[in-house]
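For reference, the structure discussed in these notes is given below.
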Protein chains: 2
Amino acid sequence: MSQSAVVQAIATYGPISRASVAKLTGLSKQTISEIVGNLEVDGWVRTVGQTEGHVGRRAVVYEISPDAATVASVDLGGTKVRVALCDLTGCVLAERTEPTEQSGGLNVVEQVSRMVRATSTDSEYGELKFVVVGVPGVPDATTGAIHMAPNISDIDQIDLANELNQRMGVEVLVENDVNLAALGEHWMDNRTDADDLVFVSVGTGIGAGIVVDGKLMRGVSGAAGEIGFLPFGADPFEAESLKTGALERVSATEAIVGQYRDLSGNTLSVPAIFEAANAGDADATTTLDNVALQIARASASIIAILDPSLIVMGGSIGAREELMQRVTRFLGQCFPRTVSIQPSKLGAHAALAGGASIALSHLHMSLFAEGQKGAEIRVPPPAFETFKAGVS
Amino acid sequence: MSQSAVVQAIATYGPISRASVAKLTGLSKQTISEIVGNLEVDGWVRTVGQTEGHVGRRAVVYEISPDAATVASVDLGGTKVRVALCDLTGCVLAERTEPTEQSGGLNVVEQVSRMVRATSTDSEYGELKFVVVGVPGVPDATTGAIHMAPNISDIDQIDLANELNQRMGVEVLVENDVNLAALGEHWMDNRTDADDLVFVSVGTGIGAGIVVDGKLMRGVSGAAGEIGFLPFGADPFEAESLKTGALERVSATEAIVGQYRDLSGNTLSVPAIFEAANAGDADATTTLDNVALQIARASASIIAILDPSLIVMGGSIGAREELMQRVTRFLGQCFPRTVSIQPSKLGAHAALAGGASIALSHLHMSLFAEGQKGAEIRVPPPAFETFKAGVS
DNA sequence: GTTAATTCGTTCTCTTATCGAACTAATAGT
DNA sequence: ACTATTAGTTCGATAAGAGAACGAATTAAC
């Protein structure tokens with residue numbers, strides 16, 4: 001069937017007539033009529049009136065039926081758990097946030113499944129069909145355990161996707177949170193010219209998510225984008241660099257606080273250091289310069305290897321305007337080509353958006369392109385403001 | 001049509017009966033009979049006898065008709081032009097090598113098209129259907145010019161693919177030589193477990209070709225893998241590093257010769273420096289250690305960002321056993337995960353093999369999967385010895 | 001206000017790829 | 001010779017989709 005193509009066209013080109021879908025897809029009119037008819041009977045699309053003002057007969061226009069089903073996107077962080085319930089168009093129907101269960105392990109599983117259940121039955125939404133969970137670690141494809149996630153205890157001892165699946169009875173996908181953030185930014189960007197992007201997150205740690213050809217690059221062991229281990233910043237041949245990562249040792253929260261303390265003798269939080277720099281504190285300025293220099297080098301490495309069209313900076317530190325400006329300046333001094341660097345548009349909600357985009361793609365695939373090889377449905381993002389409002 | 005699946009099965013599983021193809025593809029027996037019948041009439045496959053010794057009726061077995069068509073793979077280097085003519089199974093039918101026309105520009109175009117024509121009409125081969133040319137530079141997708149190719153003069157002034165196409169009347173694809181080498185190694189490796197690899201070439205320059213998911217990663221401007229510009233080795237903030245690349249300044253031919261001269265006062269060629277190191281020359285040993293250290297850092301960068309399953313070292317310098325051992329040792333000291341590092345199996349012929357693999361894939365696609373979206377035909381490589389013998 | 005041009009959507013027929021089942025053919029082992 | 005087994009063909013049946021023709025509804029133009 002070419003159901004997927006039809007759904008894709010309706011989803012992408014908003015309210016649209018069957019004749020237009022025929023032109024867009026290249027399929028014949030009656031094929032479209034039949035497919036749309038079936039979709040309408042099954043409740044996936046619905047009519048929204050008629051065209052008017054044009055020459056010729058009025059066309060009945062269709063759109064995706066937003067409430068035919070829902071998906072949930074979960075951002076499982078070390079301190080907070082966020083759950084967003086989205087309809088088929090990606091609009092946020094309900095959201096809730098809780099502090100993460102610090103006892104970790106199965107208790108977190110219980111917490112997430114309880115929150116998802118509560119959110120999805122808040123009122124009369126469509127059936128929950130898919131859940132995507134973003135975690136601050138590397139999901140192991142075979143065992144389902146989450147490696148390198150020091151912020152959530154015992155999360156590497158259980159098969160997270162499987163445990164959640166059993167409790168909720170819905171298909172669950174677990175993905176690294178930075179990867180999801182990269183996808184989220186890419187989704188909302190919705191660019192047609194180039195289909196790639198690297199999301200660089202600087203916060204308690206430093207990491208990157210890579211989108212190439214609209215798809216996530218994970219690497220064989222799921223560790224693609226672990227730029228904390230780039231071999232510069234600290235001496236990469238010191239033992240400590242093998243554990244923490246040479247670059248991470250000089251560019252994440254702890255390193256920034258430490259560096260400022262070494263220079264000034266005072267211990268300030270990272271936001272306070274930014275304040276101090278803005279107020280003219282020379283030590284703070286030096287600290288930020290040093291950090292930005294390292295991040296510029298990291299960006300240069302990424303560009304040298306991947307040649308992306310865009311780098312998006314995110315995380316509590318990375319997205320700061322003061323840092324971005326410095327990074328852009330330094331990058332110009334150590335790399336011949338210029339690449340656009342932009343701050344994250346979605347901020348703390350990037351991973352949530354990425355989860356929603358994956359969930360919707362998967363759902364559409366399973367519904368309309370069951371077992372087709374090259375099929376790929378790209379669900380267009382909702383208006384930026386709509387999404388932002390839903391999760392604020 | 002599922003022609004592509006049938007061709008794929010016959011190409012991959014050698015001489016094979018129609019019944020077996022049916023089982024492999026999941027298509028029904030008479031569908032296979034019809035498709036194979038058509039392919040045989042058109043000359044793409046042929047029978048090669050019957051099975052014997054099994055219970056039941058004897059099966060007629062088919063294989064790809066090797067001489068139904070040919071493709072040419074060209075390695076257009078700064079000093080040599082190599083042309084290999086391959087049949088449909090990837091076997092080399094004829095080969096020729098000439099010094100590169102030093103006048104550059106259109107003269108090189110003439111040289112290549114003359115060589116290809118001469119090679120393909122040497123005797124009675126199948127019709128030439130596709131030509132792939134590997135160049136030491138970055139092909140511009142829009143203009144067809146080759147950027148960053150200092151070794152072939154004026155090659156950035158012309159639309160290479162187009163000029164060649166007009167002279168030869170065959171479809172021509174131009175690709176970076178390191179990218180082709182990466183594909184060639186990947187093709188010959190023919191691994192089923194993981195479908196990615198990074199080819200690192202160290203010679204007059206340093207560069208990398210990246211294969212992910214069986215496909216080349218090119219980047220937006222075709223500059224992916226330009227690891228000469230990784231921001232370490234020399235100081236990346238010096239003006240010279242913006243031109244030559246910070247890493248390239250300390251790891252390619254010129255840098256190695258220079259470094260040894262600085263240490264010892266003597267000027268030796270790179271092979272001579274390797275000899276000296278093997279003979280116990282401390283300065284040569286130090287030089288090679290330094291170079292290997294930088295290449296290990298480059299490898300660490302690649303692994304941190306891409307997380308590949310394999311790195312293949314190539315180029316006149318990179319493939320040397322003495323260097324590889326050092327790189328492996330240093331990499332273990334600056335990166336926590338171990339990744340397999342292997343020397344190039346194809347040596348100077350890697351790009352030629354990569355060109356052949358692309359040419360064959362394209363040809364099969366255009367013949368049997370015209371305008372199918374997700375279609376992809378993977379032509380299995382010939383036996384390693386067969387190929388090697390053909391181009392030696 | 002009638003007519004022409006235009007667009008939408010349906011009906012009907014035709015093509016093409018594929019499958020399923022029945023049937024014929026050939027072979028090894030008993 | 002008989003049987004189990006595998007190979008390959010013949011003969012419909014089915015389903016996705018294309019193409020053409022036609023009816024319906026609407027605006028523009030005279």
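These values consider heavy atoms only, across backbone and side chains, with no hydrogens, waters or symmetry-generated copies. Letters A, B, ... are given to chains in the order of the sequence lines, protein chains preceding strands, and every chain is numbered from 1.
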Rounded to whole Å, CD of B:Glu34 lies from P of C:dA17 at a distance of 8 Å

Which residue, A:Ala19 or B:Lys29, contacts DNA chain C at a nucleotide closer to its 5' end, judged by nearest heavy atom? A:Ala19

Are B:Glu52 and B:Arg58 within salt-bridge range, i.e. N to O under 4.0 Å? yes

Any side-chain N or O of A:Lys23 less than 4.0 Å from the OP1 or OP2 oxygen of C:dC8? yes

Are OP1 or OP2 of D:dT9 and a side-chain N or O of B:Arg18 less than 4.0 angstrom apart? yes

Residues A:Lys129, A:Glu171: salt bridge by 4.0 Å N-O rule: no

Roughly how many Å is it from NE2 in A:His54 to P in D:dA24, rounded to a whole number? 23 Å

Report the distance from atom CD1 of A:Ile16 to atom P of C:dT7, rounded to the nearest whole Å. 16 Å

Between D:dA7, C:dC19, C:dA28, spot the one nearest the side chain of B:Ser28, thanks. C:dC19

Measure distances between side-chain N and O atoms of A:Arg57 and base N and O atoms of D:dA25, and say whether any donor-acceptor pair falls under 3.5 Å. no

Sugar-phosphate, base or nothing in reach of A:Leu27, heavy atoms under 4.0 Å: sugar-phosphate

Could you state the atom-to-atom distance from CD of B:Gln30 to C1' of C:dG20 in whole Å? 7 Å

CD1 of A:Ile35 versus C1' of D:dA15: gap in Å, rounded? 12 Å

Electrostatic pair A:Asp195:A:Arg378 at N-O distance under 4.0 angstrom: yes

Would you indicate which nucleotide in D:dA7, D:dA25, D:dA4 comes nearest to any side-chain atom of B:Val55? D:dA4

Given atom CD of A:Gln50 and atom P of D:dT26, what is their separation to the nearest angstrom? 7 Å

Quick one: is A:Ser33 getting a side-chain N or O under 4.0 Å of the C:dT10 phosphate, OP1 or OP2? yes

Any donor-acceptor N/O pair, A:Ser73 side chain to A:Leu352 backbone, under 3.5 Å: yes

Atom-to-atom span, OH of A:Tyr62 to C1' of C:dC8 - whole angstrom: 11 Å

Assign each of A:Thr31 and A:Glu52 the nucleotide of DNA chain D bearing its closest heavy atom; nearer the 5' end lies the nucleotide of A:Thr31

Please check the phosphate of C:dA25 (OP1 and OP2 only) for any side-chain N or O of B:Arg58 closer than 4.0 Å. no

Of B:Ser17 and A:Gln3, the one whose closest DNA chain D nucleotide lies more 5': B:Ser17

NA contact type, A:Ser2, heavy-atom cut-off 4.0 Å: base, sugar-phosphate, or nothing? sugar-phosphate

Could you tell me the separation between the CD1 atom of A:Ile32 and the C1' atom of C:dT7, rounded to a whole number of Å? 16 Å

Run the salt-bridge test on B:Lys215 and B:Asp196 with the 4.0 Å N-O cut-off and return the result as yes or no. no

